[in-house]
Each structure stands twice: as C-alpha cells, then as structure tokens.
Amino acid sequence: MMDTTAVAPQIDLLFEVSWEVCNKIGGIYTVLSTKAKTLQKLYKDKVIFIGPDVWTAETPSPWFDECKVEGLSEWAESVQLPDGISVRVGRWEVPGRPIAVLVKFDGMYAVKDEFYGEMWRRFGVDSLHAYGDYDEGCAFAHASGIVIESIIASGFGADTSKQNQPRIVAHFDEWTTGMGLLYVKWKLPQVATVFTTHATSIGRSICGNNKPLYDYMKGYNGDQMARELNMEAKHSLEKSAAHAADVFTTVSDITAAECEQLLERRPDVVTPNGFEQNFVPTGAKFDEARALARARMLTAASALTGRRMDNNTFIVISSGRCEYRNKGLDLFLDMCDKLRHLSICRDVVAFVMVPAWSKEARTDLAERMAPMNDKPFVNDESPLNDPVLTHWLNNPDHDAVNCRIHQLGFANPDGRVTVIYVPCYLNGTDGIFNLSYYDLLPGADATVFPSYYEPWGYTPLESVAFGVPTVTTSLSGFGQWVLKTSENYFNECGVNVIGRGDSNYGDVVENIAHSIEYLTCADEEDLKKIHKAAMDTASAAAWENFMVFYDEAYALALDKAAERIEKKA
C-alpha cells in the first residue's frame, strides 16, 4: 500500500499554468480540473490556475465564472500590463471552484522575435524552425509569466505579518507553457518552478510517424529525431524547460524513461494522475443511469443493423482521442474480428467512440430510433445503408477507423459481433444518443483501451470509476500502476493489463479477445465481484492518495529556490 502520510509543504501561493485551464481539449483538462478540489482543500484560495482567454462574448467559456475574488479582482482592475495583455479574474466551475485567471495574449506576437532571441541567449531555445501552434503557445506562456510577475508584485497572498520570503511555486504543464517557466526563471529567482510533461512532443511524434518507440528507445537521440521529424522548436523548448525547472515531473514510469532518453533529464518525481469519483451516480441512480445508457446504445445498434438486440447483449466501448495507432484503435478493431471466431456467450456490440471529422448526425438513424422510445426490442428489418456509422463523415474514404471497419466486413451485420463507429463529441447534443460520454459509460459491460502510446490513460481509470471492467496495456501509465499495486485479474482489480511491445501485435489481439470472451461468459456473482473490484481500484487512484507525490515535488522545488536565494544573499 502506498504511503500517503507525507505532510503537505507550506505554500503561500501556488500558480498552475496550462492551455487547458477552463479550456476543455484533452486529458490535461481532466488532470487539472479533478486535482483542483484536493488542492483547494490543502491551500484554500492560495492556488491560482492560469489559462488562455480564447473566448468571446458570443462564445464564453462554459467552465469560467467571472466574479469577484477578494484582493485579486482589485489587482486586475488597477494593474497596468503591457499592451495586448488583459486578464479576467473568477472561478473555475469545477469541484472546489478554484481561482482562475484567463489571460489575453495578442500583444505578445509583436515582441515575439525579440523574446525568442532572449530565450535563445539565456536558455538555448531554438525557435528558428517554429511553425503551427508554436507561436500561439509561446505568446500565451510569455503573457502568463508577466501576469505571475505582476500578481506577486501586488502582494496578493503574502502574509505581511511575516518577515520571511514568501514560499511561491509556479507549476507549468506541457511545452505550450515552457516559455512562461523560462520567463519566471529569468525574472523571479525567488519562485520555485515545476515543469510537468504529460507526453514528450518528440516521443508522440515518433509514434505518430509509425516508428517503433520501445524496442529502439536506447538508440534514439531526441535532438536528432527532432530534426528528422521537423519538431526542432517544440522539442528545444520542452527540453530547455525540463532542464531549467527546479523540479521536473511526469505522470508515469514509462514516460520517465522516455524523458530521460529524449530530453536527457530524468524526472525528479513521478506524479501519477488521480481522479475524483464525485460525478459517478450511486445506488438506485446508478441503476437508472445504466438502464438508460444501455437502452440508448442498443436502440441505436438495433436501428442501424435492423436486428433485435436485447438487454443481454454485451456492450464493449473504446474511446478517447482519434489517434488510430497510438490509442490502439487498430488493435481494438482487429480484436473485434478475432471475437467472431471465439466461443462468446453473449452477442457483442462494440462501439468506437472517438471524435473524428464528422459532418452531421444521420437523420435516417434518428428517425428510425424515435418510435422505439429506447426499447430496442423491434422486429427485424433491413439494415440502414452503411450500418456501422452513427454520424456521416466528411472524409469516409480517408478515415482510418471507417476504412478498417469496412475492410473487416462489419458493414454486413450478420454475425454475433457488431461494430459501430461514433465519430463525434459526446456532449449530450450529438443528435443520436443525446447523452454525454459519462452518461453512456455506465451502460457498458467492458471497455478496451489497447494503447501503444499512453503516458497515463484516463479512459481506463474513468471506466473503473463507473465499475466497468477494462482492458489496457503495459504501455500505458495507468496499466503499469495497476501492475505495481494489484493482482492483474478482473476479480482482483477490475482491470486486465495485457503486455504490449513493438513486436507482439498479434498476441495482444488474441489476449484481449480472450479477455472479452471471458467476460461474456462470467456469471452474475462474478460480475458483481468484478464491478466492486473496479470501483475499489478507482478509489485507490483518488487524488487524496496521489497528492503525496505533488507534495514531494513542491517541497523539493521550494528547497531549491531557498538555496538559490541564500547564495545570492
């Protein structure tokens, strides 16, 4: 059992900067928004999250409440920031409602060349070959550093009754905030800096270019690969931030090894991603949510295929970002094909729920579903045209998931395994299910996330939080954590972690298929044990248990900052 008894360090002010503060894009939003409640419990209103103000009056952030924050609102009203930087102060609408400052950063583009030159001279950041979103990320980060400098100068959060130097931590997430860390390092030596990479830019690029990352890890040089893959600017910035930070962290042991090889600094602390289960329904509400989700998914499957799918149908889901190889979507589809040849005890409907370039919800599907009223027990009819899609695609012939589904013959729904592609954001207004992903998840009997590149892996953790057993791989940080903390059996932890490398694709397909086959045949008593084991695993991964690693990182950073100030004195 992990030690969670460490005492949180004394912190007078904690900044955390991320592109995903009040800006829901990917997994980092989940990291920060779920961590916020525990941070607020430890450091009530001494925590300030800083995010980009990319919103307008017509399209405001649904997660930001612009409101008065004592002391900080007064600063925002009176502060004189450089041209093109403005701020809005309020609360992040997540559990804990922490303070959030949204920063407009348009003015930084005008001074970017001068600033890039300064960062080259001071830290060796090579921005010469920058392209794409590099300038935007750096402009936001630069502005965030200036805002942090201004807030500290205002005295916000400082205890004037104490003569000691305030203990301030500035925590930056991902390469997109690296310039902010370097600015703070340059201008504010008294501030302790922490840099977290949730996935190295060059490691993700290696995988995205279909190169083997793991078998050849020791042979890769990050700088050389950055030149080869046209990633020089992002890699240079990320590497410089990692080396300049007082404390460098990442989210799993597997990514720590990647950082050590490609960024040439071993993270000081591994800070695994925790989770909060406060949005998971319990008791009768969970049963109601599960019944509704199953009815909605089985209704859609019945309407698409024209075949009756009763409530005994086994529902398996894969979801996440639409990265065909990195997220193991290729492997999931091949696993579904393998299931056709195994002795499954229940018919299977497999949903691939990943947002792609979708055009619109299918009106023919919505019209057929409407009279069913969430009751999939209809008479058999003809399948709809292309019965594997819930939403039409803009690029059906170039969508890797869609092409593989058709290549495997799932467009002819006549077997015991049905595959359905849901290529849209499940936010409750998709036009078919009209439920969010979290509303649909409890209706599943299992999930599969066979990732190739997955520094942590929230999707399997979310699954067990809802008591849904999951299959993942040893190449995910979450999978490695399960292997370190639990017996690798469904009835022990609700998870089955399959060993995956660069050279055993076929074995992984077969092993996952047999895992799903086992679950289709499990009896009611076993399923109850598995459900409880899954929820117990999620409880073990709660932020209150994982915050000890951040305590260690912050304490170490504060010690380094104190040593630096002592030497200057």
Side-chain angles (χ1 to χ4, degrees), residues 1-6 26-28 30-32 34-35 38 173 196-200 203 213-214 217 248-260 266-277 280 318-320 326-328 446-501 508 511-512 515 530 532-553:
M1 190 73 180
M2 71 179 71
D3 179 16
T4 60
T5 58
I28 296 173
T30 308
V31 176
L32 304 185
T34 58
K35 184 175 66 172
T38 303
D173 292 276
T196 298
T197 183
H198 297 259
T200 70
L213 179 63
Y214 305 101
M217 177 71 83
F248 176 40
T249 80
T250 193
V251 297
S252 64
D253 291 333
I254 195 167
T255 313
E258 180 186 327
C259 292
E260 184 174 22
R266 180 80 183 183
D268 302 287
V269 185
V270 170
T271 51
N273 290 331
F275 200 60
E276 294 290 349
Q277 293 175 270
V280 179
S318 192
S319 63
N326 283 358
K327 298 301 182 184
T447 57
V448 175
F449 305 104
S451 299
Y452 177 77
Y453 186 75
E454 190 70 80
W456 177 245
Y458 261 119
T459 43
L461 178 49
E462 289 167 344
S463 181
V464 294
F466 282 87
V468 178
T470 192
V471 184
T472 190
T473 73
S474 59
L475 295 183
S476 73
F478 175 73
Q480 288 197 336
W481 174 76
V482 168
L483 291 175
K484 284 170 63 176
T485 58
S486 307
E487 293 293 321
N488 187 26
Y489 302 104
F490 282 125
N491 60 356
E492 292 292 331
C493 61
V495 185
N496 189 13
V497 182
I498 306 296
R500 185 174 184 188
V508 179
N511 289 337
I512 295 178
S515 296
I530 292 169
K532 182 180 184 305
M535 300 196 84
D536 288 345
T537 295
S539 296
W543 273 116
E544 64 181 7
N545 296 326
F546 282 176
M547 194 54 67
V548 62
F549 302 108
Y550 282 91
D551 293 343
E552 181 184 352

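Everything quoted here is computed from the prediction, not taken from an experiment.
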Tell me, please, which residues at least two apart from [X] pass side-chain hydrogen bond (donor to acceptor under 3.5 Å, both in side chains).
| X | answer |
| --- | --- |
| E258 | T200, Y453 |
| S252 | T255 |
| T38 | E276 |
| S319 | Y437 |

Can you name the side chain to side chain contact (heavy atoms under 4.5 Å, CB included) partners of [X], sequence neighbours left out?
| X | result |
| --- | --- |
| T473 | P450, L475, R500 |
| V497 | T472, S474, V482, L483, N488, V495 |
| A534 | V464 |

For residues 468-484, which residue pairs qualify under salt bridge (charged side-chain N to carboxylate O under 4.0 Å, His left out), counting only residues two or more places apart or in two chains? D253-K484

Can you list every pair that meets salt bridge (charged side-chain N to carboxylate O under 4.0 Å, His left out) and has a residue in residues 532-541, with sequence neighbours left out?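 Pairs touching residues 532-541 that pass the test: K532-D536.
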
For Y452, which residues count as a ring pair (Phe, Tyr, Trp, His ring centres under 6.0 Å) partner, sequence neighbours excluded? Y214

Under the rule for salt bridge (charged side-chain N to carboxylate O under 4.0 Å, His left out), what residues qualify as partners of E260, not counting sequence neighbours? R266

I need the full list of side chain to side chain donor-acceptor pair (under 3.5 Å) pairs touching residues 458-469, with sequence neighbours left out, sorted by first then second residue. Y438-E462, T447-S463

